[in-house]
Amino acid sequence: MPIYYNEDSKEFHLQSEKISYIFNILKNNQLGHLYFGKKLRHRDSFSHLYTSEEKANVACVFEGDLSFSLDTSKQEYPAYGTTDFREPAFQVLQENGSRVTNFVYKDHKIYSGKPKLEGLPATYVEQENEASTLEISLYDDLIDAELILYYSIFEQFSAITRSVEFVNHGKENLNLTRAMSASVDFFDADFEMVQLSGAWARERHVKTRKLESGIQSISSLRGTSSGQQNPFLALKRPDTNEHHGEVYGFSLVYSGNFLAQIEVDYYDVSRITMGIHPFDFNWLLKSGESFQTPEVVMVYSDSGLNGMSQTYHSLYRSRLARGKWRDQERPVLINNWEGTYFDFNEQKILEMAEASKELGVELFVLDDGWFGKRDDDTTSLGDWFVDKRKLPNGITGLAEKINELGLQFGLWFEPEMVSKISELYSNHPDWILHVPNRRQSHGRNQYVLDFSRKDVVDYIYGMMAKVLDEAPIYYVKWDMNRYMTEIGSSLLPADRQREVAHRYILGVYDLYERLTTEFPDVLFESCASGGCRFDPGLLYYAPQAWTSDDTDAVERLKIQYGTSFVYPLSSMGAHVSAVPNHQVGRVTSLETRANVAYFGAFGYELDVTKMSEEEKMKVREQINFYKENRKLLQTGTFYRLLSPFEKDGNVTSWMVVSEDQNEAIAGRYQVLGKPNSGYERLLLKGLRDDVEYKIEGLHGSFYGDELMNAGIQLDQDVSGSLQWGDYTSQIFILTSLS
């Protein structure tokens, strides 16, 4: 079991194949941090990693002891108000108004396996020997409350998970005003902070900045994880790049308001904390009640950012995503949204489906507009019954006809929203998030249902389950098209109103859990105006997500590149759409649109009935290529080669390599043509040095070491690709000759 406890020195050592995490019990019986990084050999004592000495101008814990101050100590789960002046991991407001606590070590348990988190998504194990868990109980006798710190370390992944449970054993009420999931104090601040930032249609762009004294943070207060900031941070050494150097990743398995921050103190110690955002948050703990924080997944890599990402990809693909579709190859789909928007009927949908089947598509998805009286975005959300004007035979009749064509059928829902022009709102106007006597603001002409209420979640479950029960539906696109405002619930008392945002997310998870359990064969894809809630929390329920509403191939280079820092290719919905592109108006070739979309869950989003015969022939070829290489593209090891966020950003490149390293596919993309350019090479990664590879379209063969160190000479003629022009791309298909 890779968790050790040194009883004499009171130290805990979590160790896997590649990493170590070490902390101790301090002299005041709180927890101190010693080390996180590359695997260390276990020893009887790591006391040499701890230092304590007298410092000027500090407050000290024990009278007469000038050497022990929490202000200068590295800690595991720090509190505020007892000599540490940095921002804490938690804070508990007591009935007498005090926020001072003293949670000290009580006992611990070490066991094989990993516990579930009640009501929350989290990574998991299938066999107990895949991970080991340490539970540490900290107790504050004065308020009769307990803190349980959960640490799990995976044997095969360079990953540690952390979460915290608060339990009120006393008679008085407690209020959690801050409850972060993890905190780590590093020895120094010689790091660059990497984050994924953006907005609608340009989500998860990579941003890098040097740590400075003070606090630097990312967060969301939008009621979701958001497209503005993703719940992920990485700390990398200044010389670390994609392939070399140290990096620490922190990813929060949560879909709501979050905070991830780094505080650099006056000794250049950097403290990272991550969890539910404390702003506008309070959780009332009555006697006997408990509160569980979401999980943070911490990853260490000494092989650069790619090494970090590959750990997240493998872990999230196999031990966060669940169910039938976790390991199953995803179908090639077509979605009618950009082909028709709201303007369709059964005949039009069947024409599109029949044409799609002829091209090799496997799944037809009917998007927004099939329910209520939904002719535009002003009405009918919440009325999840079919519009017989458009679909006289109902969803069941349409789905059966599409099945008869040899296609599976999928359907769009937006379960968390309601239109004021709807039967649902007319009957239950109090079911939206709102504050009495305050203006109700809207987004996209819609309002947010109060998913903190069980009766609301129950109602929506009943409506959706009825549709899924009655029709042969194989796929659900779960959309969410606006952020939260006026966050209040008519059902909760005043002292619980600051619980609404978190209770809402718990309601979303509950609905997902019930539907995925009741309909285990359905492939769920999450969506939030595209990628505005693309987070690990939803991957637990929906193994793929709509990466962005922006389907332009050039913009998708940055979006998919940034998304790959944490999320596997199998999770990224990526479609070929029509041109001029509906978001930016750009015209790109059908080849380039497909060459970008291959590196994700592949599909189309256009009206195939309007395509020329030449275009249809190309689409057939694209779909055949994807089907032949689908397993490799969805489950292979992904490498980022050239970044659109570095230099002039004109060239992007990435590749995916099979587990046995016998196959690989690389993509290279050029935004703008360059006059009289020099000779360029593309250096590949992940191949075997001594294996000979054939590259489709190139003469001869090449050893792996040559391709990784000397590269592919790009002035060679590659069949079917252009070496010049704007928005051009090339796909390189490698096959081992041995």
Side-chain angles (χ1 to χ4, degrees), residues 113-117 119-127 130-131 152 154 156-159 161 163 204 225 230-232 249 251-255 294-297 299 308-331 333 363 410 474-478 480 505 508-528 531 533-547 560 563-574 599-603 630-638 656 659:
K114 185 176 186 293
K116 289 189 67 174
L117 301 186
L120 287 167
T123 55
Y124 59 89
V125 296
E126 292 187 336
Q127 304 293 331
E130 293 177 5
S152 293
F154 288 88
Q156 301 298 323
F157 302 103
S158 299
T161 66
S163 67
R204 291 173 301 286
S225 51
N230 197 259
F232 159 80
S251 174
L252 182 66
V253 186
Y254 188 60
S255 308
E295 178 174 273
V296 168
V297 179
V299 165
M308 174 200 70
S309 298
Q310 288 161 8
T311 296
Y312 278 123
H313 293 180
S314 183
L315 178 64
Y316 283 0
R317 187 175 60 241
S318 65
R319 292 297 181 268
L320 179 63
R322 301 177 299 163
K324 168 184 175 179
W325 289 99
R326 184 191 74 178
D327 302 319
Q328 192 161 316
E329 293 179 10
R330 310 292 164 72
L333 67 81
L363 167 67
Y474 294 87
Y475 163 103
V476 166
K477 180 180 178 181
W478 180 316
M480 195 278 298
I505 296 299
V508 171
Y509 292 155
D510 177 54
L511 182 56
Y512 258 117
E513 184 69 33
R514 293 162 69 178
L515 289 170
T516 54
T517 300
E518 181 73 17
F519 304 98
D521 293 332
V522 174
L523 170 60
F524 282 79
E525 177 175 289
S526 65
C527 176
R533 197 168 63 182
F534 198 125
D535 59 63
L538 291 187
L539 283 185
Y540 185 73
Y541 307 98
Q544 64 187 54
W546 185 221
T547 313
Q560 291 176 209
T563 303
S564 76
F565 269 59
V566 189
Y567 306 100
L569 297 190
S570 60
S571 71
M572 296 187 216
F599 293 84
F602 184 71
R630 174 162 41 191
K631 182 177 180 181
L632 170 59
L633 289 162
Q634 291 183 1
T635 66
T637 303
F638 185 69
V656 63
E659 185 177 358

Visitor: What's the shortest heavy-atom distance between Val299 and Ala159, and which atoms?
Guide: CG2-CB, 4.0 Å
Visitor: With no hydrogens and no angle check, is any side-chain donor or acceptor of His313 less than 3.5 Å from a backbone partner on Ser564?
Guide: yes
Visitor: Side chains of Arg533 and Ser255: donor-acceptor distance under 3.5 Å anywhere?
Guide: no
Visitor: Do Gln310 side-chain atoms and Phe638 backbone N/O form a donor-acceptor pair below 3.5 Å?
Guide: yes
Visitor: If the test is ring pair (Phe, Tyr, Trp, His ring centres under 6.0 Å), which one of Tyr541, Trp546, Tyr512 qualifies with Trp478?
Guide: Tyr512
Visitor: Name all residues meeting the ring-ring contact (aromatic ring centres under 6.0 Å, His included) criterion together with Phe565; count only those two or more places apart in sequence or in a different chain, and write none if there are none.
Guide: none
Visitor: With sequence neighbours excluded, what pairs up with Phe232 under the ring-ring contact (aromatic ring centres under 6.0 Å, His included) test?
Guide: none
Visitor: Are the side chains of Leu320 and Leu315 in contact, using a 4.5 Å heavy-atom criterion?
Guide: no
Visitor: Go through the structure and list residues passing side chain to side chain contact (heavy atoms under 4.5 Å, CB included) with Glu518, not counting sequence neighbours.
Guide: Tyr461
Visitor: So does Glu126 have more than 12 non-hydrogen atoms from other groups sitting under 6.0 Å from CD?
Guide: yes
Visitor: Work out which heavy atom in Leu117 is nearest to a heavy atom in Ser163; give both atom names and the distance.
Guide: CD2-OG, 3.8 Å
Visitor: Going by side chain to side chain donor-acceptor pair (under 3.5 Å), name the residues that satisfy it together with Glu130, two or more places apart in sequence or in a different chain.
Guide: Arg319
Visitor: Is any side-chain heavy atom of Thr635 closer than 4.5 Å to one of Glu659?
Guide: no
Visitor: Whether the side chain of Tyr312 engages the backbone of Gly249 through a donor-acceptor N/O pair (distance < 3.5 Å, no angle test) should be reported.
Guide: yes
Visitor: Mind checking ring-ring contact (aromatic ring centres under 6.0 Å, His included) for Tyr474 and listing every partner two or more places apart, or none if nothing turns up?
Guide: none
Visitor: Distance only, no hydrogens: is a donor on one side chain within 3.5 Å (strictly under) of an acceptor on the other, for Gln544 and Arg330?
Guide: yes
Visitor: Counting only N and O atoms by type, is there a donor-acceptor contact under 3.5 Å from the side chain of Asp510 to the main-chain atoms of Gly119?
Guide: no
Visitor: For the residue pair Arg322 and Tyr124, would you count it as a cation-pi contact if the rule is NZ or CZ under 6.0 angstrom from the ring centre and within 45 degrees of the ring axis?
Guide: no
Visitor: In this structure, are over 12 heavy atoms from other groups packed under 6.0 Å from Lys324 atom NZ?
Guide: yes
Visitor: Heavy atoms, side chains only, cut-off 4.5 Å: are Pro294 and Val253 in contact?
Guide: no
Visitor: Show your reasoning for whether side chain to side chain contact (heavy atoms under 4.5 Å, CB included) applies to Tyr254 and Asp535.
Guide: CA-CA 7 Å; Tyr254 188 60; Asp535 59 63; over 6 Å; no
Visitor: So, for Ser526 and Leu538, which heavy atoms are closest and what is the spacing to 0.1 Å?
Guide: CB-CD1, 3.9 Å
Visitor: For the side chain of Tyr540 and the backbone of Tyr509, is there at least one donor-acceptor N/O pair under 3.5 Å apart?
Guide: no
Visitor: Holding to side chain to side chain contact (heavy atoms under 4.5 Å, CB included), I want the full list of residues that pass it with Ser158, two or more places apart in sequence or in another chain.
Guide: Lys18, Ile19, Thr311
Visitor: Does one side chain, of Tyr316 or Ser251, offer a donor that lies under 3.5 Å from an acceptor on the other?
Guide: yes
Visitor: Is there a side-chain contact between Val297 and Pro536 in this structure, where contact means two heavy atoms from C-beta onward sitting under 4.5 Å apart?
Guide: no
Visitor: Whether the Glu295 and Thr123 side chains hold a donor-acceptor pair (N or O, under 3.5 Å, no angle test) is what I'd like checked.
Guide: yes
Visitor: When you compare the side chain of Phe602 with that of Arg630, does any pair of heavy atoms fall below 4.5 Å?
Guide: no
